[in-house]
2 protein chains.
Amino acid sequence: MKLSEGVEQAIHSVAMLASLEADQVLSAAALAEFHGVSPSYLLKHLQALSRSGILGTVPGPKGGYHLAQTPEDISLLDVVLAVEGPEPAFRCKEIRRNGPNPVPEGFFKAPCQINAAMLRAERSYRAELRKVTIAHLLAEVREDDDGTLAARSCAFLDANVRISNQSRQH
Amino acid sequence: MKLSEGVEQAIHSVAMLASLEADQVLSAAALAEFHGVSPSYLLKHLQALSRSGILGTVPGPKGGYHLAQTPEDISLLDVVLAVEGPEPAFRCKEIRRNGPNPVPEGFFKAPCQINAAMLRAERSYRAELRKVTIAHLLAEVREDDDGTLAARSCAFLDANVRISNQSRQH
DNA sequence: GCGCAAGTACTCGGATATAGAGTGTCCGAGTGGACCGGG
DNA sequence: CCCGGTCCACTCGGACACTCTATATCCGAGTACTTGCGC
């Protein structure tokens, strides 16, 4: 029961991308350097986010990534599922049908009680993540910020933002 | 984000152990055969449950495992944490302090907003698991059972239960 | 001088190596019962 | 026949291999800019 490190990188990257204007993009290399992580590894997760429709890409020089949805529409759950995959954490192997005296087939119509309880808990987990959007996170950060964090982000954006001459698409 | 297979084995084993009387024990080998899983691997998790105080052990021949708490006091969360470990699934690496322009130290007094949101979700997950006890699970199973499952368990218990001459302890 | 075309540099994308944890196995410490010998 | 001691078989316990996924990396496809040539 542990989440990939890529989840944290992905969330930070999405939050950063949420700060730029329309028709602006950031390269994966810039995001990786800013966060001090492996460029290739971050790229892998950015691609997953792109496949999930959270990010859009602009190929070629001066290309990069941008949000494909508004920050209000992207929840933490969307990002986590894009990176970790959609399958639930608890996968019932139905070991009741193993062994010398397996449970008869008829009982498999209803899901195992244990599986049901575990999935209930995971639904609760996902519901909590669904409530939090990228917009919420940014608002919280701004609330506690005296300007230092904003200045840091702006400096990075000024140095690395690129204006794509393609209209925003996904 | 995925749970070990041992979690399922552990929960089924605890549920089985909940069905036996005081001063009765079951060997790890019997539980493994009944569930059709690797004896050595199940043993590993039973030991973890023992270290966590959920199970008690009786060494020597005619020894085995028994519950160290009542089924009403053992929640699914207890079992999951014993097998998977207590640390949360999302471990914030604070990548904000990485890179060429790290966030100043002062901001680390408060936890990262992202970390806070992820931990909130996990608290919800754990709360849901805490609500479900082994006693609840057994009651649910009995409710849907026409006698087949009960007969299966009884047959196994009759063949494998051992009466320990030690008083129940942990 | 202007337009066009080829070359180039930089981007994302997927296929490919490596490391760590989950999975599976083995051997050792300890204990209760069984057996054997003595009383 | 009864009792004590020794041996043995079976248990849990922790230390040791193996496998698979998460991690980290590299090379290939595609595109916009640059540069050179022709008109």
Taking atom P of D/dC12 as reference, at what distance in whole Å does atom NE2 of B/His66 sit? 11 Å
Figure out the CG/C1' separation between B/Leu31 and D/dC12, and round it to whole Å. 13 Å
Should A/Phe34 and A/Arg152 be marked as a side-chain contact (heavy atoms from CB on, under 4.5 Å) after you check the CA-CA gap, both sets of side-chain angles, and the distance that decides it? CA-CA 10 Å; A/Phe34 181 74; A/Arg152 172 171 175 257; 3.5 Å; yes
Most 5' of B/Leu42 and B/Lys62 on DNA chain C, judged by nearest nucleotide: B/Leu42
Could you check how far CZ of B/Arg91 sits from C1' of D/dT23, rounded to whole Å? 12 Å
Measuring from the side chain of A/Thr57 (C-beta onward, heavy atoms only), which nucleotide among C/dC12, D/dG13, D/dC10 has the closest atom? C/dC12
Interatomic distance, B/Leu26 CG vs D/dC12 P [rounded to whole Å]: 10 Å
Nearest-Å distance, CZ (A/Phe90) to P (C/dG22)? 16 Å
Reckon A/Ala28 touches a base, only the sugar-phosphate, or nothing at all at heavy-atom distances under 4.0 Å? sugar-phosphate
Side-chain N or O of A/Ser38 less than 4.0 angstrom from OP1 or OP2 on D/dT25? yes
Phosphate oxygens OP1/OP2 of D/dC12: is one of them under 4.0 Å from a side-chain N or O of B/Ser27? no
Protein-proximity profile, nucleotides 14-22 of chain D, B/S/- by nucleotide at the 4.0 Å heavy-atom cutoff, equals B--------
Residues which pass side chain to side chain donor-acceptor pair (under 3.5 Å) with A/Thr133, listed by chain and number, not counting sequence neighbours: A/His136
Worked verdict on B/Leu138 versus B/Val141 for side-chain contact (heavy atoms from CB on, under 4.5 Å): CA-CA 5 Å; B/Leu138 292 178; B/Val141 169; 5.6 Å; no
Using whole Å, what does the distance between atom P of nucleotide D/dG13 and atom CG of B/Leu55 come to? 10 Å
Considering just the side-chain nitrogens and oxygens of B/Arg162, establish if one lies under 4.0 Å of OP1 or OP2 belonging to D/dC10. no
Figure out the CG/P separation between A/Leu46 and C/dC12, and round it to whole Å. 8 Å
For A/Glu33 and A/Asn160, does a side-chain donor sit closer than 3.5 Å to a side-chain acceptor? no
Examine A/Leu77 and A/Met118 and state if one hydrophobic cluster contains both, with Ile, Leu, Val, Met, Phe, Trp and Tyr joined whenever side-chain heavy atoms are less than 4.5 Å apart. yes
5'-most contact on DNA chain C: B/Gly60 or A/Tyr65, nearest heavy atom basis? A/Tyr65
May I ask whether A/Leu43 and A/Val83 are part of the same hydrophobic cluster, defined by side-chain heavy atoms of I, L, V, M, F, W, Y residues being less than 4.5 angstrom apart, directly or through others? yes
Between B/Val14 and B/Tyr41, is there shared hydrophobic-cluster membership here, with clusters defined by ILVMFWY side-chain heavy atoms closer than 4.5 Å? no
